[in-house]
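Notes to accompany the following structure.
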Number of protein chains: 2
Amino acid sequence: MKTNQRIKLSDLATALNLSTSTVSRALNDHPRIPIETRTKVKKLANDWAYHPNPFAKGLFSKETKTIGVMIPCFEDNYFSKILGIIEDELIKKGYKLICTRSGKNAVEEQSALWNLAKAHVDGIIAVLSYDQPCPAFINDINEEGIPILFLDRMYENVDASFVISDDFQGAFEAVSYLIQEGRSKILHLEGPRDLSTSFYRKQGYMEALKKHDLEIQHSIQCENKEDVKIKIKAYNNDYDAVFCYNDFYAFEMLEYAKQQGICIPNEVAVIGYANDPLSSFTSPKLTTVDQSTSDLGEQSVKMLLSEIKAMKSKGSFEYSTFKSSTRLLVRESC
Amino acid sequence: MKTNQRIKLSDLATALNLSTSTVSRALNDHPRIPIETRTKVKKLANDWAYHPNPFAKGLFSKETKTIGVMIPCFEDNYFSKILGIIEDELIKKGYKLICTRSGKNAVEEQSALWNLAKAHVDGIIAVLSYDQPCPAFINDINEEGIPILFLDRMYENVDASFVISDDFQGAFEAVSYLIQEGRSKILHLEGPRDLSTSFYRKQGYMEALKKHDLEIQHSIQCENKEDVKIKIKAYNNDYDAVFCYNDFYAFEMLEYAKQQGICIPNEVAVIGYANDPLSSFTSPKLTTVDQSTSDLGEQSVKMLLSEIKAMKSKGSFEYSTFKSSTRLLVRESC
DNA sequence: CTGTTAGCGCTTTCAT
DNA sequence: ATGAAAGCGCTAACAG
């Protein structure tokens with residue numbers, strides 16, 4: 001009986017000698033349809049593998065049950081872990097996930113974001129890579145009625161919701177630990193400019209030093225991991241610890257130390273950030289700051305969905321910010 | 001002038017004192033609309049950031065311009081690299097990417113796949129994790145008019161298109177290399193049961209031995225990396241090389257060797273598979289088989305889109321299979 | 001309790 | 001060259 005055409009509501013209606021509205025209501029458990037009709041309809045729908053055309057539904061309801069997620073890349077373990085969590089949560093709530101990456105520059109990033117808006121997703125979770133979001137642009141997206149939530153990175157002067165990891169705390173604890181362990185000449189390999197994560201990790205580093213009356217601060221700005229070996233040279237091995245913006249900077253540091261014959265952790269302690277799987281494979285195994293990817297993923301979805309809900313019912317929603325805490329994973333490099 | 005409602009065709013039509021049909025045609029470059037009308041319409045559309053409702057379009061055209069991709073997980077570098085390539089190609093062609101993972105078991109996997117069909121994607125690229133696809137199930141999806149292409153793994157008795165990496169060749173070359181280097185007691189750490197990749201890599205291993213008249217074959221089946229250390233023990237270090245199903249098995253092997261005081265590569269050579277980023281961070285650095293993720297990603301998209309096109313125009317399409325070649329990355333472990 | 005009807009935003013005959 | 005009208009599959013007023 002099942003044809004190789006897609007079954008639609010009217011097929012069921014004809015077969016059951018009912019109107020499409022009754023079938024529709026039965027399928028949606030409308031209270032005024034008697035239970036037996038409902039079950040009868042549902043049975044046939046099931047037998048015929050009927051599934052509603054999401055486009056017809058979406059056209060009417062203005063909801064697409066689709067969330068757009070933009071991350072810098074799929075290969076970075078931190079982001080792919082979060083993406084996994086997000087997908088899990090989304091599926092639970094009956095949403096689909098359209099995902100995309102930032103691309104190679106600010107222009108591509110902006111167009112990727114705009115593509116999500118054009119796809120009429122119900123909401124967006126974005127990790128921006130290249131820029132502060134242009135407020136006008138965010139506004140354009142909001143005008144489409146699409147809540148957008150920023151993940152991992154914070155932007156000043158942007159009205160939006162944020163789900164971030166507590167970079168200040170992560171750095172503060174890491175550096176405090178180094179100090180407790182007796183290190184006193186602590187360098188910081190600072191992350192890319194214009195990233196809030198770089199900013200707060202540096203703040204945490206400086207605060208920890210300050211708190212322990214270590215006034216000598218050397219924060220070495222590295223735009224990418226290639227900068228590390230080049231810039232660290234200038235310090236003539238005159239340090240006993242390095243707190244790195246991320247694990248990849250730390251791997252470079254580890255390699256540099258090996259080349260220089262510097263013994264880690266005896267001569268120099270190293271701490272990374274993000275708990276990349278690689279970090280437990282280096283020798284020595286890297287001490288690193290672990291961010292709660294599950295918190296981050298779960299909260300983004302939770303907050304975004306509630307904004308969507310508010311948007312739908314009240315036409316507006318409140319921005320909020322969630323900051324997830326970190327924990328130091330002490331391994332062999334310090 | 002722009003309201004915070006979504007602009008629709010009729011808004012443009014009203015403003016320009018034209019009918020929606022004319023506006024629609026103008027936007028779609030219908031030849032019978034004079035150029036100047038077209039540009040006028042396009043200008044306003046652009047100024048007002050008009051973008052067509054994909055759901056209205058999709059409802060009419062039956063095309064959703066969306067491709068569903070299912071992979072085992074986002075964290076595996078091999079798959080996330082392919083996913084990236086796929087997204088790039090898809091964007092170029094104006095498609096969006098809905099992605100999902102296999103989940104924890106065959107039931108979840110099947111429902112994930114079915115969810116893609118329900119989302120009315122135009123086509124599916126899938127890496128199955130748990131099972132041979134049930135032909136009836138594939139058929140159900142085909143009946144929806146959705147071409148489905150299987151990636152990375154091959155299934156006998158399934159009518160479908162495949163894009164796979166040449167596992168036989170990869171293994172054959174790796175093991176041949178080992179033999180050339182003078183190894184003669186070569187073990188194989190075989191992959192999970194029921195995976196074509198396991199099967200062909202084992203075949204390649206055996207063929208290479210056979211070709212060089214090395215008849216002693218020890219293929220040790222390991223369902224997962226935890227099996228490695230347990231099962232390898234039985235061989236009492238009586239081997240001079242190990243060819244591993246994947247890099248993670250190889251890492252276990254490396255660790256085992258370290259624990260046993262076996263020197264790699266002097267006493268035992270090790271080769272992994274997949275060129276995980278980790279593999280160049282171990283010490284010694286792991287020799288591994290590199291699969292062309294770009295070939296794999298590009299071909300899947302190319303083939304799938306042409307099937308979609310054929311499906312649309314002729315109502316049917318031909319299955320085909322693409323096999324991508326591999327290359328051995330010689331590093332320090334052999 | 002259920003059917004009729006209109007409409008979501010767009011495309012496309014079919015007229016003119 | 002352009003407009004009017006119908007229809008894609010679904011839902012929800014509005015009858016009855």
Side-chain angles (χ1 to χ4, degrees), chain A residues 3 5-42 44-45 48-66 94 117-122 144-145 312, chain B residues 3 5-42 44-45 48-66 94 117-122 144-145 312:
Chain A
T3 76
Q5 292 307 308
R6 251 168 210 167
I7 305 296
K8 45 194 176 179
L9 218 45
S10 61
D11 296 330
L12 299 178
T14 318
L16 291 166
N17 226 313
L18 288 168
S19 74
T20 57
S21 13
T22 306
V23 174
S24 169
R25 285 191 273 246
L27 255 17
N28 291 310
D29 274 323
H30 187 106
R32 288 213 305 239
I33 305 287
I35 302 284
E36 58 173 25
T37 313
R38 289 191 227 172
T39 47
K40 194 176 63 182
V41 171
K42 283 179 185 171
L44 188 69
W48 284 8
Y50 164 77
H51 42 249
N53 183 325
F55 285 66
K57 265 191 135 114
L59 187 55
F60 184 87
S61 69
K62 317 281 193 206
E63 277 196 303
T64 66
K65 287 289 176 186
T66 302
K118 287 201 285 188
H120 286 214
V121 295
D122 291 339
E144 304 277 325
K312 214 193 158 190
Chain B
T3 76
Q5 292 305 307
R6 251 169 210 168
I7 305 295
K8 46 194 175 180
L9 218 45
S10 61
D11 295 329
L12 299 179
T14 319
L16 292 165
N17 227 314
L18 288 168
S19 72
T20 56
S21 6
T22 306
V23 174
S24 169
R25 283 190 275 245
L27 255 16
N28 292 308
D29 273 321
H30 187 106
R32 286 212 305 239
I33 305 287
I35 302 283
E36 60 172 24
T37 313
R38 288 190 226 172
T39 48
K40 194 177 62 181
V41 171
K42 281 179 186 172
L44 188 70
W48 284 8
Y50 165 77
H51 41 250
N53 183 326
F55 286 65
K57 262 192 137 113
L59 187 56
F60 184 88
S61 70
K62 317 282 194 205
E63 277 195 304
T64 66
K65 287 290 176 185
T66 303
K118 287 201 284 188
H120 287 212
V121 294
D122 291 340
E144 304 277 326
K312 214 193 159 192

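Throughout, protein chains are lettered first and strands after them, A, B, ... in sequence-line order, and every chain is numbered starting at 1.
In this structure, CZ of R32(B) is placed 15 Å from P of dT16(C), rounded to the nearest angstrom. Atoms CD (E36(A)) and C1' (dT2(C)) sit 14 Å apart, rounded to a whole Å. When rounded to the nearest whole Å, the span between NZ of K118(B) and C1' of dG9(D) equals 17 Å. Between L18(B) atom CG and dA4(D) atom P there is a gap of 11 Å when expressed in whole angstrom units. N17(A) has its CG atom 11 Å from the P atom of dT4(C), to the nearest Å. Between L27(A) atom CG and dA12(D) atom C1' the separation is 15 Å, expressed in whole Å. Between the CD atom of E63(A) and the P atom of dC10(D) there is a distance of 17 Å, rounded to whole Å.
Here the side chains of T22(A) and L16(A) are not in contact, with every heavy-atom distance at 4.5 Å or above. When side chains are defined from C-beta on, Y50(A) does not count as touching L44(A), because their heavy atoms never get closer than 4.5 Å.
Among residues at least two apart or in separate chains, salt bridge (Lys or Arg N to Asp or Glu O under 4.0 Å) pairs with a member in residues 48-64 of chain A are E63(A)-K312(A). Sorted pairs that involve residues 7-17 of chain A and meet side chain to side chain donor-acceptor pair (under 3.5 Å), not counting sequence neighbours, are lacking altogether. Applying the salt bridge (Lys or Arg N to Asp or Glu O under 4.0 Å) test to every pair with at least one member in residues 22-35 of chain B, sequence neighbours left out, gives these pairs: D29(B)-R38(B), D29(B)-K42(B).
A donor-acceptor pair is defined here as one N or O able to donate and one able to accept, closer than 3.5 Å; such a pair exists between the side chain of T39(A) and the backbone of I35(A).
Direction change of the helix axis from one end of the helix from dC1(C)-dG16(D) to dT16(C)-dA1(D) to the other is 50°, with five pairs defining each end axis (rounded to 10°).
Ring-plane geometry between H51(A) and H120(B) is classed as perpendicular, the angle between the planes exceeding 60 degrees on a 0 to 90 degree scale with a lower cut at 30.
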How does protein reach along nucleotides 8-13 of chain C, written 5' to 3' as B (base within reach of a heavy atom under 4.0 Å), S (only sugar-phosphate), or - (no contact)? BBSBBB
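L59(B) meets the side-chain contact (heavy atoms from CB on, under 4.5 Å) test with N53(A), A56(A), L59(A); sequence neighbours excluded.
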